[in-house]
Amino acid sequence: MRDLPVAADGPSRWKILAEFVLFGAMFLSDRWIQAITTISWGRVEISLTNLHSNPPCLAIIAVLLLWLNGGLGSLNFEWPANWRRCLWQLAVVLVVAFLATEIFARVSHALWGTAPEANAIKTMIGHPQVRYLFAFLIFPIWAVVEEVLYRAYFLQRIEWLARPWRYALPLAMLISSAIFAMRHLNYGVQEFPYYVFAGMMFSAIFLYTKRSIWFVSVIHYLKNTALLVWLNLAG
């Protein structure tokens, strides 16, 4: 497992806490600011609320904060040395990730009455044209920026804050996954356990692949796109 790379003196813990206050303020601003951005695709239009606090904007801020406090060494965009091995691993991890999240979604639905993620996506992007927009534009962008934000930034920042406690990494995985889940509450509060589970799964993939952002981003994107394919097949 790739250790957390930082500058020689490491990031300042006080500055990290100040960064978290900034992000907390941006998260809370959703309650008071309602800025709606409309995206057109043919005859179809979709509206994105509060683009300023959506993952792309937050990921840009996270990268700037990493650069200013500790350096960008924690962003691992290295390409794989062995592509053949990487591709079969990608396929295996994708199947396992899809099955794991779908099984958890069914169990969650049985225990707490939550709706499977596919149902939530169908409600949000039920029109076929909108699905293409999500598959080829929004999903790939959101996959990368969410992994930069929640895994490369929050997970590693929390891990650094909790050091040298022996359980710093599991704690960072749990808290960053909880933040990930909280940012998906637009699907309903009852979906919180599912997104914590998904966040933990993405965190495990991120760590297993030596903190590779591109690998977990591809898994994230393909997993979401697989749901769209499932919706199209199901009609």
Side-chain angles (χ1 to χ4, degrees), residues 1-33 35 49-78 141-186 189 192-220:
M1 183 179 293
R2 182 174 183 258
D3 196 13
L4 178 60
V6 294
D9 55 350
S12 164
R13 283 181 166 84
W14 288 108
K15 288 182 180 179
I16 291 177
L17 292 174
E19 293 170 9
F20 288 176
V21 171
L22 172 63
F23 276 111
M26 296 190 72
F27 293 161
L28 291 175
S29 71
D30 284 347
R31 291 179 173 268
W32 298 288
I33 300 176
T49 303
N50 291 352
L51 198 59
H52 70 281
S53 61
N54 269 332
C57 179
L58 297 177
I60 292 172
I61 294 173
V63 171
L64 288 174
L65 293 174
L66 287 171
W67 176 53
L68 293 171
N69 184 22
L72 296 177
S74 56
L75 292 176
N76 179 18
F77 281 104
E78 296 176 2
I141 294 174
W142 250 246
V144 174
V145 299
E146 284 193 337
E147 294 312 317
V148 168
L149 178 63
Y150 298 113
R151 258 58 73 178
Y153 178 79
F154 276 116
L155 189 155
Q156 298 190 121
R157 282 307 209 212
I158 295 168
E159 178 190 5
W160 181 260
L161 279 178
R163 284 182 169 185
W165 190 42
R166 61 182 299 183
Y167 299 112
L169 187 54
L171 178 67
M173 292 174 64
L174 181 60
I175 295 178
S176 62
S177 298
I179 297 172
F180 174 73
M182 289 174 63
R183 298 299 292 167
H184 288 79
L185 289 180
N186 55 306
V189 177
F192 185 81
Y194 169 82
Y195 282 100
V196 170
F197 177 83
M200 292 290 287
M201 180 192 67
F202 289 134
S203 296
I205 294 171
F206 174 69
L207 295 169
Y208 174 75
T209 57
K210 299 181 180 179
R211 303 176 190 254
S212 171
I213 295 171
W214 78 263
F215 191 102
V216 71
S217 296
V218 170
I219 293 294
H220 194 151

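Every value quoted in this text rests on a predicted model; they were computed, and no experiment measured them. Index from 1, following the sequence.
- A distance of 9.5 Å separates CZ of Arg157 from CZ of Phe23, quoted to the nearest 0.5 Å.
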Worked check of side-chain contact (heavy atoms from CB on, under 4.5 Å) between Leu65 and Ile16: CA-CA 9 Å; Leu65 293 174; Ile16 291 177; over 6 Å; no

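- Using a cutoff of 4.0 Å between basic side-chain nitrogens and carboxylate oxygens, Glu159 and Arg211 are scored as salt-bridged.
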Mind running side-chain contact (heavy atoms from CB on, under 4.5 Å) on Tyr153 and Leu75 for me, showing each step along the way? CA-CA 9 Å; Tyr153 178 79; Leu75 292 176; over 6 Å; no

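- In this structure, OG in Ser203 is found 5.0 Å from CG in Leu155, a value given to the nearest 0.5 Å.
- Rounding to the nearest 0.5 angstrom, the gap separating the CH2 atom in Trp165 from the CG atom in Leu171 is 5.5 Å.
- For Phe192 and Phe197, the ring centers sit 6.0 Å or farther from each other.
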Return all side-chain donor-acceptor pairs below 3.5 angstrom for residues 144-152, not counting sequence neighbours, or 'none' if the list is empty.
| from | atom 1 | to | atom 2 | distance (Å) |
| --- | --- | --- | --- | --- |
| Glu146 | OE1 | His220 | NE2 | 3.3 |
| Glu146 | OE2 | His184 | NE2 | 3.3 |
| Glu147 | OE1 | Arg151 | NE | 2.8 |
| Glu147 | OE1 | Arg151 | NH2 | 3.4 |
| Glu147 | OE2 | Arg151 | NH2 | 2.9 |
| Glu147 | OE2 | His220 | ND1 | 2.5 |

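- In plain terms, the two heavy atoms of Val216 and Phe202 that are nearest each other are CG2-O, 3.4 Å.
- To the nearest 0.5 Å, the span separating CD1 on Ile141 from OG on Ser217 amounts to 12.5 Å.
- Shown here for Asn69 and Lys15, the closest heavy-atom pair between the two residues is ND2-CB, 3.2 Å.
- Trp14 and Ser12 share no donor-acceptor pair across their side chains, judged by distance under 3.5 Å alone.
- Side-chain atoms of Arg163 never come within 3.5 Å of backbone atoms of Ile158 as a donor-acceptor pair (strictly under, hydrogens ignored).
- Here the shortest heavy-atom pairing between Val63 and Leu72 reads O-CD2, 3.5 Å.
- For Phe215 and Phe206, the ring centers sit 6.0 Å or farther from each other.
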Side-chain donor/acceptor pairs under 3.5 Å, residues 173-182, sequence neighbours excluded:
| from | atom 1 | to | atom 2 | distance (Å) |
| --- | --- | --- | --- | --- |
| Ser176 | OG | Ala172 | O | 2.7 |
| Ser176 | OG | Met173 | O | 3.2 |
| Ser177 | OG | Met173 | O | 2.6 |
| Ser177 | OG | Gly199 | O | 3.3 |
| Ser177 | OG | Met200 | N | 3.0 |

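- Counting only heavy atoms from C-beta outward, the side chains of Ile61 and Leu22 approach each other to under 4.5 Å.
- Judged purely by atom type and a 3.5 angstrom limit, Trp214 uses its side chain to pair as donor or acceptor with the backbone of Glu78.
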